[in-house]
Amino acid sequence: MPRVSFASPSLCLTFLPLLNRLLPSLPQTVQDVDVPPLFRERFILSGYRPVGHTWRCYVLSLFQMHNETVNVWSHLLAAVCVLMRFLTFTVLQGGGILGFRLRGPEGQGFSVDVSSLPLVLYVFSAITYLSCSAAAHLLQSHSEQAHYSLFFLDYVGVAVYQYGCALALCLYSSDAAWTQNFWQVFLPAAALLAWFSCTACCFAKLRFRRPYPLHRKLCQVLPMGVAYLLDISPVAHRLSTCSWTSSSALPLHFLQVVLFLLSAFFFSCPIPERFSPGSFDIIGHGHQLFHILLSLCTLAQQEALFHDFLWRRPALVREFGEERLLLACASFPCLTICCMMTAGAMRGRAQVQLMKEQR
């Protein structure tokens, strides 16, 4: 029986070299002793990408198994899920994005929907922190300067997400009793703590070297912990004073609190790799568990906010007024700019520090 060929040999010979040029073979992962101390993690002995290769190599390492692969994909997939779920929600609700309705009050056209802007900013903040985190873990092995710059950007994303959460939870997830007592001071305090968290994390990253002292972790965890306690206070008040059967959002809020606490535990403690160094290098170490749990926390929180948005939306403008809502939303880009300026200043200090060390 004659054999059937589905591709001409000449086409294969032409295509394969092109494929090799587009997708070059990636460098093999190395041991911890083969990379500078800045790139090493405690109890992670292998799976490191060598430093100093082209940016393309690190971009393509998205499809390579190394000790950052799960960190990258967990947040990358979560960012896609957040965006797709939000787009689905807006379509089902008959509205567009960016705070605009598909149908205005006089028929066809667009009209500004101020009540939805905080939700849009929340989704933007979630996608920002997830994307910045994925980029930092994917590309940070390029060089020491890239390592500092990308993780400073990661801390900006975290601060932006903190304030996006605070804004949405304050306006959508608070009840009348909490709003009357805390509305005036909540957002300014949340913005200040978000900026302070970004600053403290950048400072700790730049100031301390391995072996890291305990107060480096405290510089990172304590400001973020205080910021979280403030940001979650509207939800905590409802969970402690309302029947959980009164709203479909409350069980989701409880779930996201539990997931966040678990993620904070794995962020603070190198478990399980502490008990078996080298056994969880590629899959299963504490920072990967932190990423996965935080991604699930974000998805649960987004779903809860959708329920709260539908609950509070009809009375939101009447309760707060359009001007106050717009002012609250305008504080979001101000906070973002402040954090980016802080990260930029820290990046400049990192450049000076690295130049001194190279002399």
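As the structure is a computational prediction, the values presented were derived from the model and not from experiment. Note that the numbering runs from 1 along the sequence shown for the chain.
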Q: Around atom CZ of Phe196, are there more than 12 heavy atoms of other residues, nucleotides or ligands at under 6.0 Å?
A: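 Count not over threshold, so no.
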Q: My understanding is that only residues two or more places apart in sequence, or in another chain, count here; which of them pass side-chain hydrogen bond (donor to acceptor under 3.5 Å, both in side chains) with Arg347?
A: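 Counting only residues at least two positions away or on another chain, Arg347 forms a side-chain hydrogen bond (donor to acceptor under 3.5 Å, both in side chains) with Ser149.
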Q: For Phe124, enumerate each residue passing the ring-ring contact (aromatic ring centres under 6.0 Å, His included) test, keeping only those at least two apart in sequence or located in another chain.
A: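 Once residues adjacent in sequence are excluded, Phe124 has no partner under the ring-ring contact (aromatic ring centres under 6.0 Å, His included) criterion.
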Q: For Glu357, which residues count as a side-chain hydrogen bond (donor to acceptor under 3.5 Å, both in side chains) partner, sequence neighbours excluded?
A: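 With neighbours one apart ignored, the set is Arg209.
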Q: Answer yes if the ring centres of Phe182 and His237 are under 6.0 angstrom apart, and no otherwise.
A: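 No, ring centres 6.0 Å or more apart.
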Q: Check which hydrophobic residues are tied to Val59 through side-chain heavy-atom contacts below 4.5 Å, counting indirect links as well, and list them.
A: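 Answer for Val59: Trp55, Tyr58, Leu62, Phe63, Val72, Trp73, Leu76, Leu77, Leu138, Leu139, Leu150.
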Q: For residues 68-93, pull every pair meeting salt bridge (charged side-chain N to carboxylate O under 4.0 Å, His left out), keeping only residues two or more places apart or in separate chains.
A: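 Only Arg85-Glu303 qualify under salt bridge (charged side-chain N to carboxylate O under 4.0 Å, His left out).
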Q: Mind jotting down which residue pairs meet the salt bridge (charged side-chain N to carboxylate O under 4.0 Å, His left out) criterion with at least one end in residues 26-46? Sequence neighbours excluded, please.
A: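 Qualifying pairs: Glu41-Arg210.
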Q: Could you work out, with ring-ring contact (aromatic ring centres under 6.0 Å, His included) as the rule, every residue matching Phe290, not counting sequence neighbours?
A: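 Here the qualifying residues are Phe267, His287.
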Q: Is there a side-chain contact between Tyr129 and Val160 (heavy atoms, below 4.5 Å)?
A: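 Contact flag for Tyr129/Val160 side chains = no.
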Q: Check for me, please, whether Leu262 and Leu229 land in the same ILVMFWY cluster - side-chain distances under 4.5 Å, paths through other members count.
A: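 Different clusters.
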Q: Output all residues satisfying side-chain hydrogen bond (donor to acceptor under 3.5 Å, both in side chains) with Asp154, sequence neighbours left out; order by chain, then residue number.
A: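 By the side-chain hydrogen bond (donor to acceptor under 3.5 Å, both in side chains) rule, Asp154 matches no residue at all.
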Q: Considering all heavy atoms of both residues, which atom of Pro118 and which atom of Leu171 are nearest to each other, and what is their separation?
A: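 Distance-wise, the nearest heavy atoms are CG-CD1, 3.4 Å.
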Q: Apart from Ile337 itself, what residues make up its hydrophobic cluster when side-chain heavy atoms of I, L, V, M, F, W and Y under 4.5 Å apart count as a link, directly or indirectly?
A: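 Besides Ile337, the hydrophobic cluster comprises Met341, listed by chain and residue number.
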Q: Strictly under 6.0 Å, is that where the ring centroids of Trp178 and Phe186 end up?
A: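 Between Phe186 and Trp178, which both carry aromatic rings, the centre distance is below 6.0 Å.
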Q: Return the set of residues passing side-chain hydrogen bond (donor to acceptor under 3.5 Å, both in side chains) with Ser233 (not counting sequence neighbours), or none when no residue passes.
A: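 Not a single residue meets the side-chain hydrogen bond (donor to acceptor under 3.5 Å, both in side chains) criterion with Ser233.
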Q: When the ring planes of His147 and Phe39 are compared, do they come out parallel, tilted or perpendicular, using 30° and 60° as the limits?
A: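 If you compare the ring of His147 with that of Phe39, the planes turn out perpendicular.
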Q: Could you note down all residue pairs passing salt bridge (charged side-chain N to carboxylate O under 4.0 Å, His left out) where residues 219-231 supplies at least one of them, sequence neighbours left out?
A: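 Residue pairs passing salt bridge (charged side-chain N to carboxylate O under 4.0 Å, His left out), neighbours aside: none found.
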Q: Which other residues end up in the same hydrophobic cluster as Leu153, if Ile, Leu, Val, Met, Phe, Trp and Tyr are linked when side-chain heavy atoms come under 4.5 Å apart?
A: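 Under the 4.5 Å side-chain rule, Leu153 groups with nothing.
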